[in-house]
Amino acid sequence: AIQMTQSPPSLSASVGDRVTITCRASQGIRNDLGWFQQKPGKAPKLLIYAASSLQSGVPSRFSGTGSGTDFTLTISSLQPEDFATYYCLQDYNYPRTFGQGTKVEIK
Amino acid sequence: EVQLVESGGGLVQPGGSLRLSCAASGFTFSSYEMNWVRQAPGKGLEWVSYISGSGRTIYYADSVKGRFTISRDNAKNSLYLQMNSLGAEDTAVYYCARDDYGSGSYDYWGQGTLVTVS
């Protein structure tokens, strides 16, 4: 199974900060990667698909880059509603595998 | 409006069985691949199982293979997960998620149903 290593596990940031989360795949997965946001007690929400495509309705402050094994989710200017946990998911093959998650907390 | 509503969770004893359901509406259910994803309390997301639109292609995580069975009834717009030989490690919120062929990712999720094995 492809291992997805996500970092950092958590970070503290202030409103307006630029935040970067990374995900590394144990083998090449082309651009078959999605990013999800999850708030406590809620289902995950798709933010980015195909590594860099913004899901409909998602604010443009979210962006994704990468291909092959290294991927990045960037929030250009953190907003109060962005404090949540973020996960990457490889959809290159089965079994699908998620990163361990990154909890974004208020500094 | 796309909606996915899970049901069937609850408290079950170790070694017991449970059947989860996911009722879909607002889209042509038979045209979409579907998945089950779970999340143990305080832990991350774990993919559990996949089923194609026709039901002919199925995949499972190693952790549930041989114990869980995914199925669907396209006439009833419903997805199922039959869970047998449950253990404490299966305690989690179980989500159904639609697999969007356009994005290749999970674009809609249900609210989740909690399964507690104790």
Side-chain angles (χ1 to χ4, degrees), chain A residues 1-10 21 23 25 29-58 62 64 66-67 71 73 84-104, chain B residues 1-7 9 20 22 24 27 32-52 56-66 68 70 79 92-114:
Chain A
I2 296 173
Q3 304 299 318
M4 302 302 296
T5 303
Q6 192 174 333
S7 61
S10 65
I21 298 167
C23 213
I29 59 170
R30 302 180 305 199
N31 69 336
D32 296 333
L33 184 109
W35 288 99
F36 295 83
Q37 176 193 68
Q38 187 181 33
K39 296 182 179 179
K42 300 294 187 181
K45 173 187 174 183
L46 178 63
L47 301 175
I48 301 286
Y49 63 92
S52 60
S53 296
L54 193 66
Q55 176 69 354
S56 175
V58 174
F62 291 93
S67 182
F71 302 86
L73 172 70
T85 301
Y86 294 83
Y87 296 92
C88 63
L89 167 68
Q90 67 82 11
D91 49 74
Y92 177 76
N93 69 3
Y94 288 93
R96 296 282 196 252
T97 41
F98 288 90
Q100 302 93 325
T102 295
K103 186 173 184 180
V104 177
Chain B
E1 178 194 6
V2 172
Q3 280 200 316
L4 298 170
V5 179
E6 300 95 338
S7 60
L20 305 183
C22 171
F27 64 102
Y32 285 83
E33 303 159 354
M34 298 295 295
N35 297 264
W36 288 99
V37 175
R38 69 184 180 182
Q39 186 170 37
K43 303 297 184 182
L45 300 169
E46 179 188 16
W47 172 81
V48 172
S49 186
Y50 157 94
I51 187 168
S52 64
R56 294 193 195 101
T57 302
I58 285 172
Y59 300 111
Y60 296 102
D62 285 346
S63 58
V64 306
K65 200 173 295 182
F68 289 12
I70 192 172
L79 174 71
V93 174
Y94 286 74
Y95 297 100
C96 61
R98 191 178 84 164
D99 206 323
D100 176 49
Y101 49 77
S103 69
S105 198
Y106 303 162
D107 62 343
Y108 284 94
W109 298 62
Q111 84 287 353
T113 188
L114 176 62

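Reminder, nothing fancy here: chain letters follow the sequence lines and each chain counts from 1. FYI, side chains are in, hydrogens and waters are out, and symmetry mates aren't considered; it's all heavy atoms of this structure.
- Closest of all the heavy-atom pairs between Lys42(A) and Tyr95(B) is O-OH, 3.3 Å.
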CA sep, side-chain torsions, deciding dist, call: Phe98(A), Val37(B), side chain to side chain contact (heavy atoms under 4.5 Å, CB included): CA-CA 10 Å; Phe98(A) 288 90; Val37(B) 175; 3.9 Å; yes

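- Closest approach of Tyr106(B) and Leu46(A) over heavy atoms only: O-CB, 3.5 Å.
- You'll find the side chain of Tyr94(A) reaches within 4.5 Å of the side chain of Trp47(B), heavy atoms only.
- For the atom pair CG of Asp100(B) and OH of Tyr49(A), the computed distance is 8.0 Å after rounding to the nearest 0.5 Å.
- The CG atom of Leu89(A) sits 8.5 Å away from atom CG of Leu45(B), with the distance rounded to the nearest 0.5 Å.
- Lys39(A) NZ: more than 12 foreign heavy atoms inside a 6.0 Å radius.
- Counting heavy-atom pairs closer than 4.5 Å to chain B, the top residue among Pro44(A), Gly41(A), Pro95(A), Ala50(A) is Pro44(A).
- Under the 4.5 Å side-chain criterion, counting only non-hydrogen atoms from C-beta, Tyr87(A) is in contact with Gln39(B).
- Annotation: the span from Asp107(B) atom CG to Lys45(A) atom NZ amounts to 13.0 Å, rounded to 0.5 Å.
- Considering every non-hydrogen atom in both Ser105(B) and Phe36(A), the closest pair reads OG-CZ, 3.3 Å.
- Here the straight-line distance linking atom OG of Ser103(B) with atom CG of Asp32(A) works out to 11.0 Å at 0.5 Å rounding.
- Heavy atoms closer than 4.5 Å to chain A are found nowhere in Asp62(B), neither backbone nor side chain.
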